[in-house]
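Remarks on the structure that follows.
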Amino acid sequence: MRGAAPLAMKVPENVSRAKHSAPDRYEATRARVETYFDRTATQVWERLTSDAPVSRIRQTVRAGRDRMRDVMLSCLPQDLTGARVLDAGCGAGQMSAALAACGAEVVGIDISPALIDLARRRLPAEHRDRVTFRAGDMLDDGLGAFDHVVAMDSLIYYDADHIGQALARLGARTGGKIVLTVPPRTPLLMGMWGAGRLFPRADRAPVMVPQRTARLVRAARDAGAHGRLTEVERVHSSFYISACLEYVA
């Protein structure tokens, strides 16, 4: 899986599951997200996550993401010294740097090698001994166990079942909290999602999948994750609309 974007993509939930199995749907989504961020939007994302001038709309997205990062960090202990934390879908590495500044030993992973290269270049020198960046899938069991996991805008592309499976897999090797974001299922976001599907497929950025927390709770339980999943706060900054959730096994 991959993270970090104000926009995302979805395979519609009403597609026949007999025709498209869960692994097939997951792989199709994952492949499209990887292509978008590693080949299509790298420069756009590099600019959005910097201090460079951007359009008014992207300014609101940048402000929303900055606010959400603060909300997510507030869910974790202020002092993370000695804690091993996974930044799942680390993108350009802003969250990884913030976690390292709190004392954490950070593994930042992203599906896009191009963004991982950017994250390595941008990481402040004082944090380099506490952050390891890798290109790959954030659900890789080979990453080992963690005290906490943060997944900012890296699960917004996937349906509820896939998010539930991700919580089950990550929760099995996380001792503390998993803090994640999802787009809340609101009339505004549903309208934006519907409008995005009108564009020719070749012209689409990946589109977010709006979620209901109650549906995610059921999906997590169905996948074997029996911890507590609750909503912490919503951030609405024009075109950036996101809900912060935390899962505790």
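Treat the numbers as computed from the prediction; the structure is a model and nothing was measured.
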What's the separation between atom [atom1] in [X] and atom [atom2] in [Y], rounded to the nearest 0.5 Å?
{"X": "His148", "Y": "Leu86", "atom1": "NE2", "atom2": "CG", "value": "12.5 Å"}
{"X": "Asp147", "Y": "Glu105", "atom1": "CG", "atom2": "CD", "value": "10.5 Å"}
{"X": "Ile241", "Y": "Ile156", "atom1": "CD1", "atom2": "CD1", "value": "12.0 Å"}
{"X": "Arg122", "Y": "His127", "atom1": "CZ", "atom2": "NE2", "value": "14.5 Å"}
{"X": "Ser96", "Y": "Ile116", "atom1": "OG", "atom2": "CD1", "value": "7.5 Å"}
{"X": "Leu180", "Y": "Leu229", "atom1": "CG", "atom2": "CG", "value": "6.5 Å"}

Could you pull out the closest heavy-atom pair between Gln211 and Ile163, with the gap in Å?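 So the minimum-distance heavy-atom pair works out to NE2-CD1, 3.7 Å.
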Over all heavy atoms of both residues, which pair between Ala168 and Ala223 is shortest? Give the atoms and the distance, please.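 In this case the closest contact between Ala168 and Ala223 is CB-O, 3.4 Å.
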Under the side-chain hydrogen bond (donor to acceptor under 3.5 Å, both in side chains) test, which residues partner Thr81, sequence neighbours left out?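 Residues passing side-chain hydrogen bond (donor to acceptor under 3.5 Å, both in side chains) with Thr81: Asp79.
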Residue list, side-chain hydrogen bond (donor to acceptor under 3.5 Å, both in side chains) with Arg218, at least two apart or on another chain: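 With sequence neighbours excluded, Arg218 shows a side-chain hydrogen bond (donor to acceptor under 3.5 Å, both in side chains) to no residue whatsoever.
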Is it true that Asp70 and Arg67 make a salt bridge, defined as a side-chain N closer than 4.0 Å to a carboxylate O?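 No.
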For Asp161, is there an ion pair with Arg215 - N to carboxylate O distance below 4.0 angstrom?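 Between Asp161 and Arg215 there is a salt bridge, with a charged N closer than 4.0 Å to a carboxylate O.
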Within the distance-only criterion (no hydrogens, no angle test), does the side chain of [X] pair as donor or acceptor with the backbone N or O of [Y] below 3.5 angstrom?
{"X": "Arg128", "Y": "Leu123", "answer": "yes"}
{"X": "Ser55", "Y": "Arg58", "answer": "yes"}
{"X": "Arg120", "Y": "Phe133", "answer": "yes"}
{"X": "Tyr240", "Y": "Val235", "answer": "no"}

Within a strict 4.5 Å, meaning less than it, do heavy atoms of the Leu167 and Leu216 side chains meet?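 SC-SC contact between Leu167 and Leu216 ruled out.
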So, do Leu76 and Leu99 sit near enough that their side-chain heavy atoms are less than 4.5 Å apart?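 Side-chain contact under 4.5 Å: yes.
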In this structure, would Val61 and Val54 fall into the same cluster of hydrophobic residues linked by side-chain contacts under 4.5 Å?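 No, separate clusters.
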